[in-house]
There are 2 protein chains.
Amino acid sequence: MDVNLANLNEQLKAKGFSLTQSRILVFEHLLKHGPLTMRDLLIGLAGKLDRASVYRNVKLFEDLGMVQRLSNGFKYSLELSDRLINHHHHLVCIGCGAIADIHENKLEEHIADIAKNQGFLPKAHQIEVRGYCRRCRA
Amino acid sequence: MDVNLANLNEQLKAKGFSLTQSRILVFEHLLKHGPLTMRDLLIGLAGKLDRASVYRNVKLFEDLGMVQRLSNGFKYSLELSDRLINHHHHLVCIGCGAIADIHENKLEEHIADIAKNQGFLPKAHQIEVRGYCRRCRA
DNA sequence: CTCCCTGCAAAACCTTTGCAATGGA
DNA sequence: TCCATTGCAAAGGTTTTGCAGGGAG
């Protein structure tokens, strides 16, 4: 069994849920296609799985902390959570659309500190910086 | 006229739109109640204004850059934009949906520095921290 | 064999749109 | 007055739910 599917199985069993074909399909689709809107996820799984089951399983995965919802402009996307993929943020160029990653531990700590100072228990966060990349700033 | 209403009027007139009772109601509701879900905005204005007009005017305000959407899981909240109120970010409670503001100049500088270090000219950014507020962390 | 899980269909929401009437400048 | 704007009603989308049958353990 694939290491990631093993992970899914482990998470489900730990809470008394079953490893079903439906759940494998949803999980593998997210694993393969990265951040997806619910709409694209439904389209991608159409014919293999009922809409209701997609919604129910996405909700379950979220409750288990295996899937997170990201803001993506005004839309929302689903992706496997930080526990399963590398956590990072993005610099998005308004000029050419290029996307660069941000990996900054100090920034992560900074945000965690601010949340704690307000009595908040942070679970996830997202940062998006929009601007011009080196080539487009001229 | 209230200084904020004057601002609304100015923004509308600059693009050839009218200052109507409906628009005043929507604007004042957002000004008074801070970040609101569309649902709460509709409820708050029920009886004074038709749903369709709320949607149409929120959309207009967004186009004019006077209102911005905040992600809140799969939902979203609306608030007056940075041009009208101070620039800030949000702590969103997964438990009860409460939204608290973050005002941290050091964080702003930190993000600007990271962008610059990658040759990036930042124009805008958004940060969202999701977790549990003091009351919900129990 | 026993429930949990799924598909189906309908219900419940949420958002947009067409049109005639109204009201702002 | 003139045309943007509104309310109404209906359509179009999205998400949730009840229930009976099917699959995992």
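Naming: A, B, ... by sequence-line order, numbering from 1 per chain.
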### Task
May I ask you to evaluate whether A:T20 reaches the phosphate of D:dA24, defined as a side-chain N or O under 4.0 Å from OP1 or OP2?
no
#### Entry: Axis-to-axis angle between the two ends of the helix from C:dC1-D:dG25 to C:dA25-D:dT1 (five base pairs per end, rounded to 10 degrees)
40°
### Message
Check the phosphate of C:dA25 against B:K13, side-chain N and O only, distance under 4.0 Å to OP1 or OP2. Yes or no?
### Response
yes
### Query
Can you say whether the rings of A:F27 and A:F61 are parallel (under 30°), tilted (30 to 60°) or perpendicular (over 60°)?
perpendicular
### Task
Taking only the side-chain nitrogens and oxygens of A:R56, find out if one of them lies under 4.0 Å from OP1 or OP2 of C:dT6.
no
### Message
Under 4.0 Å from OP1 or OP2 of D:dT5: is there any side-chain N or O of B:S22 that close?
### Response
no
### Task
Scan A:L42 against the nucleic acid and name what it touches under 4.0 Å (heavy atoms): base, sugar-phosphate only, or nothing.
nothing
### Query
Going by distance alone, is a donor N or O of one side chain under 3.5 Å from an acceptor N or O of the other, for A:T37 and A:D40?
yes
### Query
Under 4.0 Å between a side-chain N/O of A:Y55 and OP1 or OP2 of D:dT16, yes or no?
no
### Task
Classify the nucleic acid contact of B:R39 as base, sugar-phosphate or nothing, counting any heavy atom under 4.0 Å across all strands shown.
sugar-phosphate
### Query
Are there more than 12 heavy atoms of other residues, nucleotides or ligands under 6.0 Å from atom CZ of B:R51?
no
### Residue whose nearest DNA chain D nucleotide is more 5′ - B:L49 or A:R51
B:L49
